[in-house]
Amino acid sequence: DLTKCIDQFGTDAIFEDASYPAPFCGKDDINRHFRLLADTSSSQFILDEIAIDDENHKIAAYYHVEDGNGNVIENSRHITFFTMDGETGVIKSAFDTVEPANKAGEINLRVLSFVSKFLESTEESNTVTTIAPSLDMGNSNKKTMQLSTPERFFDAFNRRDINDGIELFKEDCLYDDTVFPSPLQGKEALRNHLELSESCLPSTFSFVVDDLADGGETLGVRWHVENEGKEMPFTRGSSFYRIDKKTGLVETVVDEIEPAVLKIGGLKTFMESFKNKIVEEPVRLIPFACWIAYMYIVFISDGILPGANALQLEQRTWEEVRDLSLNFFFVSPILNLPFAPTVHPILEGVFNLLLSWAALFAGFLSDDREEKPNLFPMIPAVVGMQFLTSAFLLPYLTFRTSERDSEAKTLTKADLSDVAKVVESKLFGLTLGTIGTGSLAWGTFARMEDYGNFNERVTTFWQLMSIDRVGSSFLVDLAIFALFQGWLVDDDLKRRGIDANQLSGLRNIARYVPFFGLAAYLVLRPSFP
């Protein structure tokens, strides 16, 4: 239940997934993130351990991810550190780390060893920085004025006192630094690991605790690494400790650190979502393949369409685009404005028909909303279609999220954004349908003195198309729009609580009658309650 999940966050909450380049700020942004994440698979989060610090309103959760069949997904262990609002109980901030797929910890240590020797050979410095916890040790809410076990461990390592640090652990402890291929079993293995780390890390490196969730037998820690008192980039991490109740010694530790440099969480979500959509609906390969072909043929290829490709930046192409834009929806020539250029009327008609057709897709803005965000948001797609038409439509159709039967509900106007409410007006489809009709009339009858009768203008238009990349690409767009205009209709009916068979006539008109069928659908479809 994603709605209940999102309700745990405050309005101004910040969720930082360390595998993404930027945090998700605000409840709306967090909602979009989790809904897109849920759309990538049927996986579930399984809680393994939790540390609850009621006095300081901190929670640390250690969990893993399983697929829909209950199988543990490899390299899916997470540690998430929550800061709660003491009054309302909602989440104020969260920091999430995940174990890396690349277990190259020892190689990284060897690289650091080389760096350490280089630094020590170029700087006369033997300064050792002891831990400087960002926690307020004088805070009256802290359970003890003494350092916690994780802080004592970091302090010992920062002093390079391995023996002191080792004494905090049980003989049969398990220390899992997730950048290494396997956990360290027992104090002796941990000692060897710490001695290796000590020999490889510069003496100026220190671990600094940022925050702590002390749950007694379980503790969560956020930390980062500093060099000579300055925080190093990409060194933030989280650890989860389990303490033996009888001895007070550490039983297990799991360490996770943020990815260095490349934050591919967003790309990973995108690729997994795309893969799952193709598996569930292989038909999506059609708009995807058309998109790839369209981008190559229209913008890059030579010889398939007439005229110079876009990469040649031909002056004639840009002048034609400028002139057509100045005559947008025929306002300039109808008002006889002095700057209105003279353009072939059929080309003007095709251009404005195409733009009004592209605008009709805005009638489906309810396809992208808070409960059903899309990887490629629809408003940018519709705006982009006014400039690059199919270059935006086809990827939207490929990557959008379908209305799932299991989650389908009849929407109301209250569920829509303000912009979506505007385009729900019957006048929207009627106005654009009128502009499209006017575009056909303009191409047929306008500028008679310059371009002659219908047969003459058709002849000169095809002559123009034989050398014109812009105009010929418009014809390709018209064909693509005709092919795909009905792809959003069934989901639109589903949002309105209507089975496609109930309005099969209107549905078929919308799917199979180019332009006018779509305009008619937007006028005649049932309104949201």
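The shortest non-hydrogen separation linking R222 to S238 is CG-OG, 4.2 Å. Considering all non-hydrogen atoms of both residues, Q386 and A359 come closest at NE2-N, 3.4 Å. Among all heavy-atom pairs drawn from F339 and S332, the shortest one is CE1-OG, 3.3 Å. Residues W487 and L397 come closest through the heavy atom pair CB-CD2, 4.2 Å. F361 and W357 make their closest contact through CD1-O, 3.4 Å (heavy atoms, listed as atom of the first residue, atom of the second, distance). Contact between T401 and N374 at its shortest, heavy atoms only, is N-OD1, 2.7 Å.
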Would you sort out whether I334 and W442 count as a side chain to side chain contact (heavy atoms under 4.5 Å, CB included), showing the intermediate values?
CA-CA 10 Å; I334 288 176; W442 184 274; 4.0 Å; yes
Run the numbers on T412 and D415 for side chain to side chain contact (heavy atoms under 4.5 Å, CB included), then give the verdict.
CA-CA 5 Å; T412 67; D415 297 315; 3.3 Å; yes
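Electrostatic pairing of D176 and R77 counts as a salt bridge here, judged by a charged N lying under 4.0 Å from a carboxylate O. Under the 4.0 Å criterion applied to side-chain N and carboxylate O atoms, R32 and E370 are not assigned as salt-bridge partners. Under a 4.0 Å N-O distance rule, the pair E281/R400 does not qualify as a salt bridge. Using a cut-off of 4.0 Å between Lys/Arg side-chain N and Asp/Glu carboxylate O, R495 and D492 are scored as salt-bridged.
The closest side-chain heavy-atom distance from E320 to D468 is below 4.5 Å. In this structure, the side chains of M378 and F392 stay at 4.5 Å or more apart for every pair of heavy atoms. Considering only heavy atoms from C-beta on, F351 comes within 4.5 Å of L355 through its side chain.
Summarising the local packing, NZ of K92 is surrounded by 12 or fewer heavy atoms from other residues, nucleotides or ligands at distances under 6.0 Å. Within 6.0 Å of the CD atom in Q312, the count of heavy atoms belonging to other residues, nucleotides or ligands exceeds 12. Within a 6.0 Å sphere centred on CZ of F329, other residues, nucleotides and ligands contribute more than 12 heavy atoms. Surrounding NZ of K426 are more than 12 heavy atoms belonging to other residues, nucleotides or ligands, all under 6.0 Å away. Around the CD1 atom of I467, the shell of radius 6.0 Å holds more than 12 heavy atoms that belong to other residues, nucleotides or ligands. Within a 6.0 Å sphere centred on CG of N453, other residues, nucleotides and ligands contribute more than 12 heavy atoms.
Of the candidates R284, K494, K277, S402 forms a side chain to side chain donor-acceptor pair (under 3.5 Å) with just one, namely R284.
Y62 has its ring centre no less than 6.0 Å from the ring centre of H78. The ring of F45 has its center no closer than 6.0 angstrom to the ring center of H64. Aromatic ring centres of F274 and F288: separated by under 6.0 Å. The distance between the ring centers of F399 and F376 does not fall below 6.0 angstrom.
Distance check: N102 CG to N75 CG gives 9.5 Å after rounding to the nearest 0.5 Å. Distance check, rounded to the nearest 0.5 Å: CG of D39 to CZ of R35 gives 11.0 Å. In this structure, CG on D210 lies 10.0 Å from CH2 on W223, to the nearest 0.5 angstrom. For the atom pair S19 OG and K268 NZ, the distance stands at 7.5 Å (nearest 0.5 Å). We find the OG1-CG distance between T80 and D17 to be 8.0 Å, quoted to the nearest 0.5 Å. Interatomic distance, OG1 of T444 versus CG of L440, reported as 6.5 Å (0.5 Å rounding).
With hydrogens and angles ignored, the 3.5 Å screen pairs no side-chain donor or acceptor of E314 with any backbone N or O of A310. Between the N309 side chain and the I300 main chain, a donor and an acceptor come within less than 3.5 Å of each other. For S356 (side chain) and N352 (main-chain N/O), a donor-acceptor pair under 3.5 Å exists by modelled atom type. Judged by distance alone, the side chain of K263 and the main-chain N or O of A18 form a donor-acceptor pair under 3.5 Å. Side chain of T460 to backbone of E456: a donor-acceptor contact under 3.5 angstrom is found. In this structure a side-chain-to-backbone donor-acceptor pair under 3.5 Å is present from S76 to V65. With hydrogens and angles disregarded, no donor-acceptor distance shorter than 3.5 Å links the side chain of S273 to the backbone of F270. Distance alone, capped at 3.5 Å, is enough to place a donor-acceptor pair between the R457 side chain and the A446 backbone. S425 places no side-chain N or O within donor-acceptor distance of the main-chain N or O of V422, the cut-off being under 3.5 Å. Here the side chain of K413 pairs no donor or acceptor atom with the backbone of K421 at under 3.5 angstrom.
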Can I get a per-line list of side-chain donor-acceptor pairs under 3.5 Å for residues 506-515, giving both atom names and the distance, sequence neighbours left out?
{"from": "R507", "atom 1": "NE", "to": "D490", "atom 2": "OD1", "distance (Å)": "2.5"}
{"from": "R507", "atom 1": "NH2", "to": "D490", "atom 2": "OD2", "distance (Å)": "3.1"}
{"from": "N508", "atom 1": "ND2", "to": "S504", "atom 2": "O", "distance (Å)": "3.1"}

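If you check the side chains of D67 and N69, you find no donor sitting under 3.5 Å from an acceptor. Under the 3.5 Å distance criterion, with hydrogens and angles disregarded, a donor-acceptor pair is assigned to the side chains of T97 and E256. Side chains of D96 and Y20: no donor on one and acceptor on the other come within 3.5 Å.
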